[in-house]
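A quick write-up on the structure given underneath.
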Amino acid sequence: MSDSTSLTEQLEATQQRAIADFSQAKNLKELDALRTQYLGKKGVLTDVLKGVGRLAPAERPLIGQQVNSVKQALNEALGTATEQLQQQERQQRIEAERLDISLPARRQSTGARHPIQQGLDEISDIFSRMGFTIAQGPEMEDEFHNFDALNIPPEHPARAMHDTFFLQSDDDVSRLLRTHTSPVQIRAMLKHIKANGESPLAVVAPGRVFRCDHDVTHSPMFHQVEVFKVGEDVSMAQLKGVLQYFLSSYFNQDLPIRLRPSYFPFTEPSAEVDMGCVMCQGKGCRVCKNTGWLEVLGSGMIHPNVLKSVGLDSERWSGFAFGLGVERLVMLKYGIPDLRLFFENDARFLRRIGA
Ligand code: PHE
């Protein structure tokens, strides 16, 4: 066998082996290693070519041609294998990075006012539109504003009606968490008289109040709105008209109301206010205990002693006042069955009512 024949055979064998190896490469990195192994400077093909020097000059061109065709075949095989591996790797990546677009997106939840705050705002707004000024007072009160000025003297049995949270204080003033919003009557009247002299005023005072009560229908902290008007001709008829308008407006329906004689130290005469039951339209149900009426607030004409306590002449000035419980009104408006829902802060509840 001549040298050229054996070289030819070597080249053919190399070509076959290389093409088989290329097609079996598992990834592009392996394929690249094979490229160097066969076609690199120190590769198999270079080795084979070292034999060319031993050939007779006449035989060299033929072998040269064969070498070129082997290189070409190898390069073609490499191209095909590269393409296949690229395709395969792309496919693998697509599989690995597949997104499950059927998964529901995460919702961005927007905030809402707490139902009680919403109630305080809605109620205050109605009075605001009627011309009442919004006022606020401190949650930590003194006995003068919470009791004495409201015609509740120290020995008066009405002080027992409010189970009060008294606070420790360093001075002579006895402080407490206010048991109702009525002390804002005193503060607002004093402030008004100081700034404007004796003149009419109408005030709505929303706020937080505290009583030593805790059971299913009582929370130690709850909310009230105090409403009062002082003028030279303020009458009980005006009180009834304002109440009628307010309740119908808050509940978005024409509601009958009735006043029942009652007693509060700071009003005379005093009246409990009932409205037609919003659950059964007055027909009688569990909520109104089959009476058709719901007791919603306490009211009356401001007691002359209260007017006197801020220095007003009770012969000239008169006023009406009422105080309502916000939790109860919000519960009735939205059909909320349990007071505790307001304080548990379960987001599902807050989201359903809040706005
Ligand atoms: N302050 C009274 C209470 O908390 C409510 C009230 C206010 C009654 C004004 C009459 C007039 O029970």
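Just follow the structure's listing: the first ligand is 1, and inside any ligand the first atom is 1. Start at 1 with the first residue, then count along the sequence.
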request  = Can you sort out which atoms of ligand 1 are near R211, meaning under 4.0 Å from one of its heavy atoms?
outcome  = 3 (C), 4 (O), 12 (O)
query = Is R178 reaching over with its side chain to a backbone N or O of N146, donor-acceptor style, under 3.5 angstrom?
reply = no
message = Could you check whether any heavy atom of F266 sits closer than 4.0 Å to an atom of ligand 1, since that is the contact criterion I want to use?
response = yes
Nearest heavy atoms of E315 and D313, plus distance in Å = N-OD1, 2.8 Å
request  = State whether the side chain of Q224 and the backbone N or O of T181 hold a donor-acceptor pair below 3.5 Å, judged by distance alone.
outcome  = yes
task = Would you indicate whether the side-chain heavy atoms of L332 and R328 approach each other to under 4.5 Å?
result = yes
inquiry  = Checking contacts here: is it the side chain or the backbone of S299 that comes within 4.0 Å of ligand 1, counting heavy atoms only? Could be both or neither.
reply    = backbone
ask   = Going by the atom numbers of ligand 1, which of them fall below 4.0 Å from some non-hydrogen atom of S182?
value = 1 (N), 7 (C)
message = Please determine whether the number of non-hydrogen atoms from other residues, nucleotides or ligands lying under 6.0 Å from atom CD of E83 exceeds 12.
response = no
inquiry  = Tell me whether S314 contacts the main-chain N or O of K308 through its side chain, where contact means a donor paired with an acceptor under 3.5 Å.
reply    = no
task = Give yes or no for whether the N/O distance cutoff of 3.5 Å, strictly under, is met between Q224 and ligand 1.
result = yes
request  = Using a strict cut-off of 4.0 Å, indicate which atoms of ligand 1 neighbour a heavy atom of A321.
outcome  = 9 (C), 11 (C)
Co-members of F222 in a cluster of I, L, V, M, F, W and Y side chains, linked at under 4.5 Å = V209
message = Can you name the atoms of ligand 1, numbered from 1 with element, that are less than 4.0 Å from a heavy atom of G323?
response = 6 (C), 7 (C), 9 (C)
inquiry  = Using a 4.0 Å cutoff against the non-hydrogen atoms of T267, which atoms of ligand 1 qualify?
reply    = 11 (C)
ask   = Counting heavy atoms only, which part of F264 comes closer than 4.0 Å to ligand 1: side chain, backbone, both or neither?
value = side chain
inquiry  = Checking the N or O distance criterion of under 3.5 Å, is ligand 1 in contact with H180?
reply    = yes
task = Mind checking whether H303 contacts ligand 1 via backbone (N, CA, C, O), side chain (CB onward), both or neither, at a 4.0 Å heavy-atom cut-off?
result = neither
inquiry  = Using heavy atoms and a 4.0 Å limit, tell me yes or no: is E272 in contact with ligand 1?
reply    = no
inquiry  = Tell me whether S270 contacts the main-chain N or O of F264 through its side chain, where contact means a donor paired with an acceptor under 3.5 Å.
reply    = yes
